Asker: 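A single structure is presented below for examination.
Because the structure is predicted, anything quoted here is derived from the model rather than measured. Throughout, protein chains are lettered first and strands after them, A, B, ... in sequence-line order, and every chain is numbered starting at 1. Side-chain atoms are counted along with the backbone in the values below, which use heavy atoms only and exclude waters and symmetry mates.
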Amino acid sequence: MKKYQPQEMEQSWYQKWEDANYFAPSGNGQPFSISIPPPNVTGTLHMGHAFQHSLVDSLIRYRRMQGDQTLWQMGTDHAGISTQMLVTEQLAAEGIKPSELGREKFLDKVWEWKEESGDTITRQLRRLGASLHWETERFTLDEGMSRAVLEVFVRLHEEGLIYRGKRLVNWDPVLHTSISDLEVESEEEPGHLWHFRYPLADNPNEFMVVATTRPETMLGDTAVAVHPDDERYQHLVGKEVQLPLCDRSITIIADHYVDKDFGTGCVKITPAHDFNDYDVGRRNNLALINIFDEDASLNDNAPEKYRGLDRYEARKLIVADLDALGLVEKIEDHKMVVPRGEKSGVVVEPYLSDQWFVKIKPLAEPAIKAVENGDIEFIPKNYENTYFAWMRDIQDWCISRQQWWGHRIPAWYDGEGNIFVGRNEAEVRLKHQLPDDVTLRQDEDVLDTWFSSALWTFSTLGWPDKTADLETFHSTDLLVTGHDIITFWVSRMIMMTLKFMDEVPFKKIYVTGLVTDADGKKMSKSKGNGLDPLDIIDGISIDDLVRKRTSNMLQPKMAEKIENATRKEYPNGIDSYGTDALRFTFYSISTRSRTIKFDLNRVEGYQHFCNKLWNAANFVFMNTLEHAAATDFNNGEKDFGVVDRWITSELQKTIKSVDLAMQTYRFDLAAKAIYEFIWDEFCDWYLELSKPILYSQSTSKAELRATRYTLIDTLETVLRLAHPFLPFITEEIWQKIPVNIRTDAETIMLQPFPVPNNALIDSAAESDVGWIKAVVTVLRNIRGEMDISFGKPIPVLFYNGNETDKRRLETYRTLLESLVKPERMEWLAAGDGAPVSATGLVGDMQVLVPMSGLIDKDAEIARLDKEIDRKQKDIARTEAKLSNPNFVEKAPTEVVQKEKDKLADLASACEQLEEQKKRLGNI
RNA sequence: GGGUGUUUAGCUCAGUUGGGAGAGCGACGGCCUUACAAGCCGUAGGUCGCAGGUUCGACCCCUGCAACACCCACCA
């Protein structure tokens with residue numbers, strides 16, 4: 001076999017699998033389905049995706065191998081705002097404004113871009129080995145899904161669960177659209193608290209001092225509020241103040257919203273530009289004065305001087321003007337929470353506008369129950385708290401977006417402002433008997449992207465039609481996702497699916513941690529610390545990596561910093577590790593931690609693991625196929641030796657571990673069990689122990705046949721066991737196994753997953769091999785510490801062994817010799833004077849290496865001292881325990897007995913070691 | 001302000017019903033031993049965040065504290 005070279009074989013295998021349609025659901029087993037969280041169609045695969053999809057793929061492959069009818073539904077999301085932003089930026093580079101193109105032509109451009117770049121993410125998923133069912137791939141804006149969206153919108157509207165209203169919403173002044181609460185990111189930023197004096201209307205020499213973080217909104221003030229119980233101001237309630245810079249007076253009101261102890265206890269109220277003030281305004285019937293236009297520059301409701309100014313320019317001017325009037329009491333530094341648009345990064349503005357909303361409470365209630373009663377289960381369970389916290393305090397969902405790319409809202413307006421909702425204009429006309437001469441104009445807005453993805457699990461399967469796929473595969477079994485979109489997506493899917501399917505979208509939700517960089521920082525484009533999974537698979541030069549991380553920066557000044565950090569962290573770029581190594585890394589790090597620091601060293605380690613497996617296979621083939629026809633060791637009498645029975649027994653236990661791990665979604669434990677079996681047991685011990693059997697002249701035909709069979713059979717089984725995690729290397733090796741050992745199928749993908757066989761558990765073999773390992777380890781230890789090279793044969797004497805020791809040495813002498821490389825190996829009779837030796841213990845049996853010329857006496861004494869010391873500490877601890885009457889009385893008898901046995905063993909061992917030490921001291 | 005997590009070897013992390021603290025990487029020493037130097041063999045390294053409590057016995061259960069992280073929230 002050639003060296004392990006993942007790159008070529010991985011791509012060719014994927015192609016073969018896909019061409020052969022192996023990813024399609026097949027058979028008539030139990031249905032098992034998972035819907036992919038639809039990636040942004042114009043996006044690229046990031047580490048979080050790669051992580052989640054690797055986990056899902058292992059489950060899908062596992063269940064497929066177990067004979068389930070397995071569907072991993074593929075699809076992509078149109079990602080409204082992100083995609084529109086991207087295309088807008090590209091057009092801007094060509095000097096084109098979307099408004100010049102108009103809606104239709106702009107959308108043509110977006111579709112063009114989608115066609116051009118839409119295959120990036122799917123290509124990347126293929127490189128990851130994801131066994132997605134590509135044939136039924138869907139897109140949130142395709143015809144079928146658009147039909148589902150229309151259907152849902154119309155039905156919800158008919159039930160009064162969708163309504164239109166003028167409300168204060170989060171407005172993005174750059175993107176010119178409303179966004180939902182969830183799309184606002186609030187962070188603490190330094191700011192100021194301005195204290196202004198508002199003169200009383202009936203006494204301009206007296207002032208109310210109000211504090212604000214938004215001076216410019218004062219132009220929209222319609223009241224000043226104080227707390228009802230605040231004695232300082234009670235006499236002023238009901239009076240008016242003159243609003244400076246504006247030619248109007250506003251009322252002083254009392255409202256419990258005000259905190260007496262904050263600032264002066266007086267609050268300016270701007271109902272049209274602050275969510276709290278909006279509520280205060282409603283309670284007190286205050287007027288709403290909107291002073292901004294869509295850009296958040298001042299509109300005609302502001303005094304003439306300020307009209308047309310940007311909000312921050314206006315702020316400066318207003319503060320200056322107030323200062324000139326002597327109305328600025330003071331300006332304090334103040335940390336405040338600033339809401340910014342998730343996508344644009346600009347400060348969003350509470351803005352009064354006409355929008356569509358989903359009345360959410362009626363939908364939320366059943367969705368809460370579904371999790372409460374266990375129809376849906378979060379893994380880990382504590383994420384249910386996040387879910388409940390959000391759902392129990394959920395607010396109506398603003399679903400209209402002032403954008404072009406998305407599902408256009410199916411509402412039409414006549415000239416008089418009447419609203420008609422329907423699946424299309426014809427239906428609307430028919431339903432409302434509107435003649436052709438009534439001009440209808442469709443709503444210009446589109447729906448929030450999450451509206452369509454909320455329908456994901458059932459709309460992808462053909463809803464609203466009653467399709468066979470829907471019948472078979474819905475509810476889906478599992479959702480794997482990051483905790484960051486529990487609120488955005490998971491909760492909304494649960495609500496919509498319960499509403500329209502009357503069943504849950506998925507039975508379990510596996511929430512992954514967030515993949516971060518080595519410093520624990522979230523990977524992001526703007527920070528320039530992201531890794532592209534493909535760069536780990538294929539490798540990338542440092543120059544290319546720097547270019548990738550610093551191109552298209554929103555903040556170009558960051559580029560230099562990012563370049564320096566990148567060159568420091570990856571001086572030589574990133575090596576190529578292959579998909580299998582990357583995937584195995586993901587399984588191994590899939591712990592329950594919330595953040596997962598991604599460490600390339602782990603990937604390197606698992607690449608070494610792949611290499612190990614590769615070379616082990618090489619060894620197996622060299623010693624089986626190259627020596628005999630497969631029929632020769634498959635047929636005929638086999639005499640399984642102890643090591644054959646032992647590794648087979650270990651394999652059964654490993655299969656059980658992997659099964660248990662997969663049933664409990666502990667991918668890390670599954671990976672660990674496989675890793676340890678292959679490396680620590682199969683390679684380090686079994687392959688080594690098989691050598692004397694394979695090479696010795698005295699091995700019988702039946703023994704040889706048995707070992708050859710075990711070698712290749714164990715390899716074949718472990719390949720199937722590991723396939724869900726390491727799909728490529730396992731397929732590549734499996735193909736080389738002759739068809740009378742494996743089945744004659746064309747792919748390992750569709751082979752049965754190994755089933756543990758209890759009849760093959762052999763504890764006698766396990767303890768015998770345990771003894772062999774112990775003897776070998778003791779002698780390796782002496783060699784290592786005494787600096788005796790492996791090539792130098794050493795004399796080995798055994799002393800004080802029992803009957804079992806004697807039987808074992810007799811039986812396994814050949815095996816031991818091959819691993820120990822002794823000059824001679826024999827029992828020392830009780831009466832014989834033992835020569836001065838280095839000593840190790842296996843139970844009570846002393847393993848001696850006589851010292852003549854080999855061993856440094858002082859070093860051996862030191863070694864013995866260390867060992868004795870260690871044991872004596874243990875003895876002291878155990879004795880203390882046993883001398884405690886409470887322990888002896890109250891602890892379970894088996895625990896007490898265990899301690900007693902342990903003490904006896906330790907004492908005996910200590911005695912042996914002391915004896916040796918004494919002998920050395922006597923020289 | 002509310003909530004949820006985390007704290008174990010130099011680093012990254014396991015530790016599944018409380019009964020002798022583990023892995024990988026790194027470090028150190030020795031090996032080109034006929035599958036693999038992407039390897040083999042060995043060694044060192046931990047008051048399990050701190051303080052109490054429960055228990056015969058606590059990394060594990062309870063209470064408090066500290067540090068860090070994230071989520072939610074309208075304090076102008």
Side-chain angles (χ1 to χ4, degrees), chain A residues 1 3-4 181 186 193-194 210-214 217 225 257-259 261-270 274-280 334 336-337 350 380 382-383 385-386 389-390 393 483-484 486-487 513-514 516 518 520 522 588-589 591-599 601-602 604-623 660-661 664 666 668-669 672 675-676 680 683-684 687-688 691 695 777 780-791 818-819 821 874 877-878 881 884-892 894-896 898-899 902:
Chain A
M1 264 176 26
K3 283 189 84 169
Y4 172 56
D181 298 347
S186 296
L193 193 58
W194 286 269
V210 297
T212 181
T213 55
R214 303 276 325 263
T217 63
Y257 159 66
V258 181
D259 178 353
D261 301 325
F262 187 90
T264 57
C266 300
V267 189
K268 62 188 270 307
I269 301 295
T270 321
D274 183 283
F275 288 101
N276 291 312
D277 293 6
Y278 182 80
D279 292 338
V280 174
H334 182 70
M336 51 189 285
V337 177
N382 52 291
Y383 282 104
N385 293 328
T386 309
W390 157 254
D393 192 33
H483 65 80
D484 48 334
I486 290 176
T487 48
L514 196 73
T516 69
K522 189 173 171 176
S588 304
I589 63 178
T591 63
R592 294 191 169 166
S593 165
R594 295 209 148 187
T595 54
I596 293 161
K597 290 184 192 170
F598 192 84
D599 182 0
N601 290 326
R602 293 286 291 258
E604 190 179 352
Y606 293 121
Q607 185 192 32
H608 293 177
F609 173 61
C610 290
N611 185 57
K612 189 76 178 175
L613 174 59
W614 184 263
N615 283 303
N618 188 28
F619 174 86
V620 171
F621 293 143
M622 277 173 56
N623 288 288
L660 179 66
T664 51
R666 289 299 303 265
D668 56 331
L669 298 183
K672 193 178 177 204
Y675 183 97
E676 287 176 349
D680 299 344
C683 291
D684 282 355
L687 295 190
E688 293 308 320
K691 287 175 185 174
Y695 304 152
T777 302
R780 277 178 179 167
N781 189 297
I782 290 172
R783 273 206 143 97
E785 296 205 19
M786 292 296 123
D787 235 359
I788 306 166
S789 77
F790 182 77
S818 90
L819 290 190
K821 295 272 160 57
D874 217 354
R877 232 186 358 246
T878 313
K881 237 180 186 178
N884 179 348
N886 279 323
F887 173 73
V888 182
E889 277 170 36
K890 296 188 180 174
E894 62 268 25
V895 173
V896 177
K898 203 172 146 195
E899 291 295 319
K902 181 175 135 192

Asker: Can you tell me, in whole Å, how much space there is between the C1' of B/A76 and that of B/U4?
Answerer: 29 Å
Asker: Search all heavy atoms of A/His334 against all heavy atoms of A/Thr213 and return the closest pair with its distance.
Answerer: CD2-CG2, 3.7 Å
Asker: Summarise protein proximity over nucleotides 4-13 of chain B in one line of letters, 5' to 3': B for base, S for sugar-phosphate only, - for none, counting protein heavy atoms closer than 4.0 Å.
Answerer: BS------SS
Asker: Could you tell me which residues satisfy side chain to side chain contact (heavy atoms under 4.5 Å, CB included) with A/Glu899, sequence neighbours excluded, listed by chain and number?
Answerer: A/Thr878, A/Lys881, A/Leu882, A/Phe887, A/Lys902
Asker: Could you label the plane-to-plane angle of the A/Trp614 and A/Tyr4 rings as parallel, tilted or perpendicular, counting under 30° as parallel and over 60° as perpendicular?
Answerer: tilted
Asker: In whole Å, what separates the P atom of B/U6 from that of B/U16?
Answerer: 13 Å
Asker: Begin with the C-alpha distance, continue with both residues' side-chain angles, and end with the deciding distance and a verdict on side chain to side chain contact (heavy atoms under 4.5 Å, CB included) for A/Trp390 and A/Ile486.
Answerer: CA-CA 9 Å; A/Trp390 157 254; A/Ile486 290 176; over 6 Å; no
Asker: With respect to the side chain of A/Lys672, which nucleotide from B/A14, B/A38, B/C56 is positioned closest?
Answerer: B/A14
Asker: Write down the atom of A/Thr270, the atom of A/Asp277, and the distance for their closest heavy-atom approach.
Answerer: N-OD2, 2.7 Å
Asker: Test of understanding: with side chain to side chain contact (heavy atoms under 4.5 Å, CB included), list the residues that count as partners of A/Lys597, not counting sequence neighbours.
Answerer: A/Thr516
Asker: Could you check how far CD of A/Glu688 sits from P of B/C31, rounded to whole Å?
Answerer: 19 Å
Asker: Run through RNA chain B and report every stem of 3 or more consecutive Watson-Crick or G-U pairs, distances under 3.5 Å, ordered by first number.
Answerer: B:1-7 with B:66-72, B:10-13 with B:22-25, B:27-31 with B:39-43, B:49-53 with B:61-65
Asker: If you define the side chain from C-beta out and look only at heavy atoms, does anything of A/Thr217 sit under 4.5 Å from A/Lys268?
Answerer: yes
Asker: Check the distance between B/C36's P and A/Lys3's NZ and give it to me in whole angstrom.
Answerer: 11 Å
Asker: What is the minimum heavy-atom distance between A/Tyr257 and A/Val280, and which atoms define it?
Answerer: CD2-CG2, 3.6 Å
Asker: Using a cut-off of 4.0 Å on non-hydrogen atoms, how would the nucleic acid contact of A/Ala616 be classed: base, sugar-phosphate, or nothing?
Answerer: base
Asker: State whether A/His608 places a side-chain N or O below 4.0 Å from either non-bridging phosphate oxygen (OP1 or OP2) of B/C36.
Answerer: no
Asker: Give the minimum heavy-atom separation between A/Asp274 and A/Asn276, together with the two atoms involved.
Answerer: OD1-N, 2.8 Å
Asker: Which is more 5' along RNA chain B, the nucleotide nearest A/Val888 or the one nearest A/Asn611? Just name the residue.
Answerer: A/Asn611
Asker: Kindly write out the residues that satisfy side chain to side chain contact (heavy atoms under 4.5 Å, CB included) with A/Thr664, not counting sequence neighbours, or none if the list is empty.
Answerer: A/Arg666
Asker: With the side chain of A/Asn886 defined as its heavy atoms from C-beta on, choose the nearest nucleotide among B/C36, B/A35, B/C56.
Answerer: B/C56
Asker: Summarise how protein sits on nucleotides 40-45 of chain B as a single string, 5' to 3': B when a protein heavy atom is under 4.0 Å from the base, S for sugar-phosphate-only contact, - for no contact.
Answerer: SSSSS-
Asker: Under 3.5 Å, side chain of A/Asn611 to main-chain N/O of A/Gln607, donor-acceptor pair present?
Answerer: no
Asker: Sticking with atom C1', work out how far B/C68 lies from B/C60, rounded to a whole angstrom.
Answerer: 22 Å
Asker: Answer with base, sugar-phosphate or nothing: what part of the nucleic acid does A/Leu660 contact at a heavy-atom distance below 4.0 Å?
Answerer: nothing
Asker: Among all residues two or more places apart in sequence or in another chain, which pass the ring-ring contact (aromatic ring centres under 6.0 Å, His included) test with A/Tyr675?
Answerer: A/Tyr606, A/Phe609, A/Trp679
Asker: Taking only residues two or more places apart in sequence, or in another chain, which ones meet A/Arg877 in a side chain to side chain donor-acceptor pair (under 3.5 Å)?
Answerer: A/Asp874
Asker: State, with a plain yes or no, whether a side-chain heavy atom of A/Asp181 is found less than 4.5 Å away from one of A/Phe275.
Answerer: no
Asker: Which whole number of Å gives the distance between the C1' atom of B/C72 and that of B/U12?
Answerer: 30 Å
Asker: Report the distance from atom CG of A/Asn615 to atom P of B/U34, rounded to the nearest whole Å.
Answerer: 14 Å
Asker: Taking only residues two or more places apart in sequence or in another chain, which ones pass salt bridge (charged side-chain N to carboxylate O under 4.0 Å, His left out) with A/Lys691?
Answerer: A/Glu688
Asker: Ignoring hydrogens, what is the shortest heavy-atom contact between A/Val210 and A/Val267? Give both atom names and the distance.
Answerer: CG1-C, 4.2 Å
Asker: I'd like a list of close polar pairs between nucleotides 73-76 of chain B and the protein, N/O only, cut-off under 3.5 Å.
Answerer:
from: B/C74; atom 1: O4'; to: A/Asn276; atom 2: ND2; distance (Å): 3.3
from: B/C74; atom 1: O2'; to: A/Asn276; atom 2: ND2; distance (Å): 2.7
from: B/C74; atom 1: N1; to: A/Asn276; atom 2: OD1; distance (Å): 2.9
from: B/C74; atom 1: O2; to: A/Asn276; atom 2: OD1; distance (Å): 2.8
from: B/C75; atom 1: O2; to: A/Asp259; atom 2: OD2; distance (Å): 3.4
from: B/C75; atom 1: N3; to: A/Asp259; atom 2: OD2; distance (Å): 3.0
from: B/A76; atom 1: O2'; to: A/Ala211; atom 2: O; distance (Å): 2.8
from: B/A76; atom 1: N6; to: A/Asp259; atom 2: O; distance (Å): 2.7
from: B/A76; atom 1: N6; to: A/Phe262; atom 2: O; distance (Å): 2.7
from: B/A76; atom 1: N1; to: A/Asp259; atom 2: N; distance (Å): 3.1

Asker: Rounding to the closest angstrom, what is the interatomic distance between B/G10 and B/C28 at atom C1'?
Answerer: 13 Å
Asker: Can you tell me, in whole Å, how much space there is between the P of B/A21 and that of B/C13?
Answerer: 23 Å
Asker: With C1' as the reference atom in both, quote the distance from B/C71 to B/C41 in angstrom, rounded to an integer.
Answerer: 49 Å
Asker: Within the 4.0 Å heavy-atom criterion, would you say A/Pro892 contacts the bases, only the backbone, or no part of the nucleic acid?
Answerer: base
Asker: Could you list, one pair per line, each protein nitrogen or oxygen that sits under 3.5 Å from a nitrogen or oxygen of nucleotides 66-68 of chain B, together with the distance?
Answerer:
none

Asker: Send over the distance from A/Asp874 CG to B/G19 C1', rounded to a whole Å.
Answerer: 13 Å
Asker: Looking only at heavy atoms, what is the nearest atom pair of A/Asp668 and A/Ser588, with distance?
Answerer: CB-O, 3.6 Å
Asker: Expressed in angstrom and rounded to an integer, what is the separation of A/Phe598 atom CZ from B/C25 atom C1'?
Answerer: 14 Å
Asker: B/U54 P sits how many Å from A/Lys890 NZ, rounded?
Answerer: 13 Å
Asker: Grab the CE-P distance between A/Met786 and B/G29 for me, whole Å please.
Answerer: 18 Å
Asker: Under the side chain to side chain contact (heavy atoms under 4.5 Å, CB included) rule, collect the residues that match up with A/Ile596, sequence neighbours excluded.
Answerer: A/Phe51, A/Ile589
Asker: Would you say B/C72 has OP1 or OP2 under 4.0 Å from some side-chain N or O of A/Tyr383?
Answerer: no
Asker: Could you tell me how far apart A/Asp484 (CG) and B/C71 (C1') are, to the nearest whole angstrom?
Answerer: 11 Å
Asker: What interatomic distance, in whole Å, is found between P of B/U54 and the corresponding atom of B/C74?
Answerer: 44 Å
